[in-house]
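Read through the structure below, which is laid out as structure tokens, and then see the notes.
Just so it is clear: chains get the letters A, B, ... in the order the sequence lines come, proteins before strands, and each one is counted from 1.
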2 protein chains.
Amino acid sequence: MQKRSETNPMKLDHILDKIYPLPLPSKQLLLQNITEVNYPKGHILLSADKVEHSIFFIKKGIARVYTRTLDHEITILFCKEGDTLVSMKSYVLNQKGYEDVALLEDSELYELKTEKLQKLFAKDISIANWARRFAEKELIKTEERFIARQFRTAKERYQEILRDHPDLIQRVQLSYIASYLGITQVSLSRIRADRS
Amino acid sequence: MQKRSETNPMKLDHILDKIYPLPLPSKQLLLQNITEVNYPKGHILLSADKVEHSIFFIKKGIARVYTRTLDHEITILFCKEGDTLVSMKSYVLNQKGYEDVALLEDSELYELKTEKLQKLFAKDISIANWARRFAEKELIKTEERFIARQFRTAKERYQEILRDHPDLIQRVQLSYIASYLGITQVSLSRIRADRS
DNA sequence: GATTTCTTTTAACAAATGATAAAAAATGAG
DNA sequence: CTCATTTTTTATCATTTGTTAAAAGAAATC
């Protein structure tokens with residue numbers, strides 16, 4: 001494989017502001033509750049089997065979000081520098097989620113305990129609105145993924161990845177890309193070979 | 001067709017509380033900004049072509065949310081009594097959405113102008129948290145639809161509709177159900193005929 | 001650097017789904 | 001009720017995609 005292009009670590013401040021700009025006092029409240037953690041490739045960051053208690057912001061690295069049944073698994077999405085990882089069902093409903101999250105590279109993360117965040121919701125209106133905005137934007141992203149998966153063929157979506165996220169093809173093995181596209185690895189090979 | 005079972009209208013109060021219980025002053029602030037509207041079957045409630053300015057809560061009736069391209073369209077979901085209709089892209093980003101919403105029956109709706117709601121976010125922390133909760137729960141529903149559509153076959157999902165939402169089959173024509181399941185109407189007929 | 005392991009491609013066949021068209025059934029209008 | 005329209009089912013055929021297995025290619029380990 002060709003030498004992987006080095007990825008730039010993402011500043012926490014920038015990640016938080018990208019979601020919704022916070023006034024300084026509120027931002028500092030948030031920052032006080034966030035710590036840095038590192039995990040190696042292969043680490044299971046979030047598990048479908050349990051109620052999770054953390055939100056992670058990715059400083060550096062890439063993760064695969066997926067669900068599984070007895071016989072097979074499908075990849076829901078890939079998250080990388082600047083993205084946020086959370087089990088919504090844990091975070092919102094205090095229930096087990098449906099997704100596992102595994103790191104595909106050694107990664108550096110910012111961790112925020114959901115309990116701490118939830119306490120801030122009642123106290124700080126800016127943080128409540130920041131989290132509102134977070135959920136709203138995540139919802140739009142999920143809607144977009146949903147529509148893309150319904151509307152465009154696997155071939156079209158593969159070509160979109162090539163065009164918009166070429167680094168993904170370098171950083172993620174093709175069996176996961178196939179699973180993300182909702183097809184078998186064999187079908188992806190057919191697409192890549194361009195024999196329709 | 002057999003006589004359609006009468007559906008119960010949904011109280012606004014109950015719809016709002018189901019999202020997230022609000023303290024009375026905040027709830028009254030919200031209620032002040034909500035009006036009742038009625039539209040006939042076939043009415044286009046929200047359009048993908050424009051930035052929309054209302055959120056609707058369904059008192060009575062049923063709506064189809066769908067997207068379309070030049071050649072075909074797919075049904076994203078059906079919403080009925082107690083459900084909420086909103087173009088998230090309009091509401092969150094002030095941009096055109098990707099979905100059209102058409103009423104499948106004469107319907108009674110509660111309407112809330114998004115501009116009014118958004119003004120309340122800066123003033124009332126309970127309303128900010130109510131809307132946070134709304135987005136979070138919608139996100140979980142969307143994730144669930146996404147996973148259902150990937151994991152289970154159209155046949156299984158049709159049988160789930162039969163089991164969990166039998167009224168849908170009565171109230172919605174099968175071509176829309178097929179489109180919701182992501183298959184052609186011909187395939188749905190095959191499933192219904194049970195010839196695998 | 002050779003060997004083992006994991007990943008990707010290729011091939012052959014089977015099964016599922018879509019496209020098209022026509023028939024049947026249900027619905028709505030006069 | 002009858003006719004026109006819409007919706008649903010059925011049939012046929014072509015295409016796509018999955019399954020299985022084997023080969024080729026890369027990467028990791030010793």
Return the value, rounded to whole Å, for the distance between atom [atom1] of [X] and atom [atom2] of [N].
| X | N | atom1 | atom2 | value |
| --- | --- | --- | --- | --- |
| B:Q185 | D:dT9 | CD | C1' | 9 Å |
| A:Q170 | C:dT7 | CD | P | 16 Å |
| B:Y158 | D:dT8 | OH | P | 11 Å |
| B:I74 | C:dG18 | CD1 | P | 13 Å |
| A:L181 | D:dG18 | CG | P | 11 Å |
| A:L174 | C:dT8 | CG | C1' | 7 Å |
| A:Y176 | C:dC6 | OH | C1' | 11 Å |
| B:R157 | C:dT17 | CZ | C1' | 15 Å |

- Terminal axes of the helix from C:dG1-D:dC30 to C:dG30-D:dC1 (five pairs each): angle between them, nearest 10 degrees: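 For the helix from C:dG1-D:dC30 to C:dG30-D:dC1, the axes at opposite ends meet at about 50°.
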- Task: Specify the residue among B:S187 and A:V172 whose closest nucleotide of DNA chain C lies further upstream toward the 5′ end.
- Result: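 The residue closer to the strand's 5' end, by nearest nucleotide, is A:V172.
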- Message: Need to verify one output field. Residue with the more 5' nearest nucleotide on DNA chain C, B:K41 or A:V186?
- Response: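 Upstream on the strand: A:V186.
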- Query: Between A:A128 and B:R132, what is the shortest heavy-atom contact and its length?
  - Reply: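 A:A128 and B:R132 have their closest heavy atoms at O-CD, 3.9 Å.
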- Which atom names give the shortest non-hydrogen contact between B:Y110 and B:M10, and what distance separates them?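 Nearest pair, atom of B:Y110 first, then B:M10: OH-O, 2.8 Å.
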- Item | Pairwise 5' ranking along DNA chain D for A:T153 and B:Q173, keeping only the more 5' one |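 Counting from the 5' end, the first nearest nucleotide belongs to B:Q173.
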- Per the salt bridge (charged side-chain N to carboxylate O under 4.0 Å, His left out) rule, which among A:K59, A:K11, A:R171 passes with A:E81?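 In the set A:K59, A:K11, A:R171, the residue that makes a salt bridge (charged side-chain N to carboxylate O under 4.0 Å, His left out) with A:E81 is A:R171.
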- Item | Whether B:Y91 and B:F134 hold their rings parallel, tilted or perpendicular, with breakpoints at 30° and 60° |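 Ring orientation, 0 to 90° scale: perpendicular.
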- Task: Look at the aromatic rings of B:F146 and A:F146 and report parallel, tilted or perpendicular, splitting at 30° and 60°.
- Result: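 Rings of B:F146 and A:F146: tilted, 30 to 60°.
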- Task: Please state whether the phosphate of C:dT9, meaning OP1 or OP2, lies under 4.0 angstrom from any side-chain nitrogen or oxygen of A:R192.
- Result: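 Yes.
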- Query: Which is true for B:L188 with a 4.0 Å heavy-atom rule: it touches a base, it touches only sugar-phosphate, or it touches nothing?
  - Reply: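 Here B:L188 touches no strand at all.
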From the set [options], return the single nucleotide nearest to any side-chain atom of [X].
| X | options | answer |
| --- | --- | --- |
| B:T184 | C:dG18, D:dT8, C:dT9 | C:dG18 |
| B:I183 | D:dT9, C:dT8, C:dG18 | C:dG18 |
| A:S189 | C:dT10, D:dT12, D:dG18 | C:dT10 |

- Message: Apply side chain to side chain donor-acceptor pair (under 3.5 Å) to residues A:E111 and A:S54 and explain how you reach the verdict.
- Response: CA-CA 6 Å; A:E111 177 171 11; A:S54 291; 2.5 Å; yes
- Message: Using only atom types and a distance under 3.5 Å, with no angle test, would you say the side chain of B:R133 pairs donor to acceptor with the backbone of B:I19?
- Response: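 No: the side chain of B:R133 does not pair with the backbone of B:I19.
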